[in-house]
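Indexing begins at 1, ligand by ligand and atom by atom, following the structure's order. Count residues from 1 along the sequence. Since we're looking at a predicted model, the values are computed, not measured.
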Amino acid sequence: MTEGRLVVLAGPTAVGKGTVAAYVQEHYPQVWLSVSVTTRPPRPGEVDGLHYRFVDDATFTRMQQDGELLEWAVVHGRAKYGTPRTPVQAAIDAGRWPLLEIDLQGARQVRRTMPEALFVFLAPPSWEELVRRLVGRGTESPEEQRIRLETARAELAAAEEFDVVLVNDDVRGSAEMLVSLMGSPPVSS
Ligand code: 5GP
């Protein structure tokens, strides 16, 4: 079995990063999806320890100060998000392939500390389609949508900083392409 390479998956809000990452996690057990810590409250259906580790601000600050985070950022000017360092290393040591689904600021930090990682940018087929997906999922208020679209404009302009840009036309296709970039054969269809 080939050794896995750390892959950072970034891209604007509502582009489908979470869906692609979930598809990969379901179909490719050798891929290990990092669970971030966040100070934002859980949404309905989100499970602590599975989707995120939900922590308070004091805990997040302590983790930051103790060097427990590989990267961290304030996303959309609201909550803090970070990648715990130890589980990523443990996954690499166990021969699994870590996948980080994080924002642009976090991707830039990982680029500085782990330049050997593969940086993949998931792009929407068009700006109109991105807006349609964000509004269509209906999980954000109009004000939250406006903030996210502002961030998205800036993030789209950064696509060229990445090693690979994948246009997310179709979740399965993007997931398979992502895994093939990681060097893995599919284990199920
Ligand atoms: P949401 O609140 O919708 O789950 O996520 C908002 C944004 O935070 C997404 O763009 C997601 O990629 C980003 N994000 C999630 N976890 C992390 C993390 O650990 N670090 C960074 N930098 N961004 C993250």
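Side-chain atoms of K17 come within 3.5 Å of backbone N or O of G11 as a donor-acceptor pair. Formation of a donor-acceptor pair under 3.5 Å by the T151 side chain with backbone atoms of H76 is not found in this model. Side-chain N or O atoms of Q145 include one that pairs as donor or acceptor with a backbone N or O of E140 at under 3.5 Å. The main-chain N or O of L118 is never found under 3.5 Å from a side-chain atom of D163 such that the two would form a donor-acceptor pair. Side-chain N or O atoms of R78 include none that pairs as donor or acceptor with a backbone N or O of E144 at under 3.5 Å. Judged by distance alone, with hydrogens and angles left aside, the side-chain atoms of E129 form no donor-acceptor pair with the main-chain N or O of S126 at under 3.5 Å. With hydrogens and angles ignored, the 3.5 Å screen pairs no side-chain donor or acceptor of Q64 with any backbone N or O of L69. Panel note: side chain E71, backbone A107; no donor-acceptor pair is recorded below 3.5 Å.
Looking only at protein heavy atoms, the nearest one to atom 20 (N) of ligand 1 is E71 OE2, 2.8 Å. Atom 5 (O) of ligand 1 has Y52 OH, 3.3 Å as its closest protein atom, hydrogens excluded (heavy atom only). Shortest contact from atom 10 (O) of ligand 1 to any protein heavy atom: K17 NZ, 2.7 Å. For atom 7 (C) of ligand 1, the closest non-hydrogen atom on the protein side is V75 CG1, 3.6 Å. In this structure, the protein non-hydrogen atom closest to atom 19 (O) of ligand 1 is S36 OG, 2.7 Å. For atom 12 (O) of ligand 1, the closest non-hydrogen atom of the protein is E101 OE2, 2.8 Å. For atom 2 (O) of ligand 1, the nearest non-hydrogen atom of the protein is Y81 OH, 2.4 Å.
Comparing heavy-atom distances from atom 3 (O) of ligand 1 across R43, R40, Q105 singles out R43 as nearest.
If you look at R148 next to ligand 1, the close heavy atoms, those under 4.0 Å, all belong to the side chain. Of the heavy atoms in D103, both backbone and side-chain atoms come closer than 4.0 Å to ligand 1.
Between L33 and Y28, the closest side-chain pair of non-hydrogen atoms is not below 4.5 Å.
Interface of T83 with ligand 1, defined as ligand atoms under 4.0 Å from a residue heavy atom, comprises 19 (O). Here is the list of ligand 1 atoms found below 4.0 Å of a heavy atom in G106: 22 (N). In the vicinity of A73, heavy-atom distances shorter than 4.0 Å reach the ligand 1 atoms 22 (N).
For H76, no nitrogen or oxygen atom sits less than 3.5 Å from a nitrogen or oxygen atom of ligand 1, counting backbone and side chain alike. At least one N or O atom of G82, backbone or side chain, sits closer than 3.5 Å to an N or O atom of ligand 1.
Between the side chains of R40 and T38, no donor N or O sits under 3.5 Å from an acceptor N or O.
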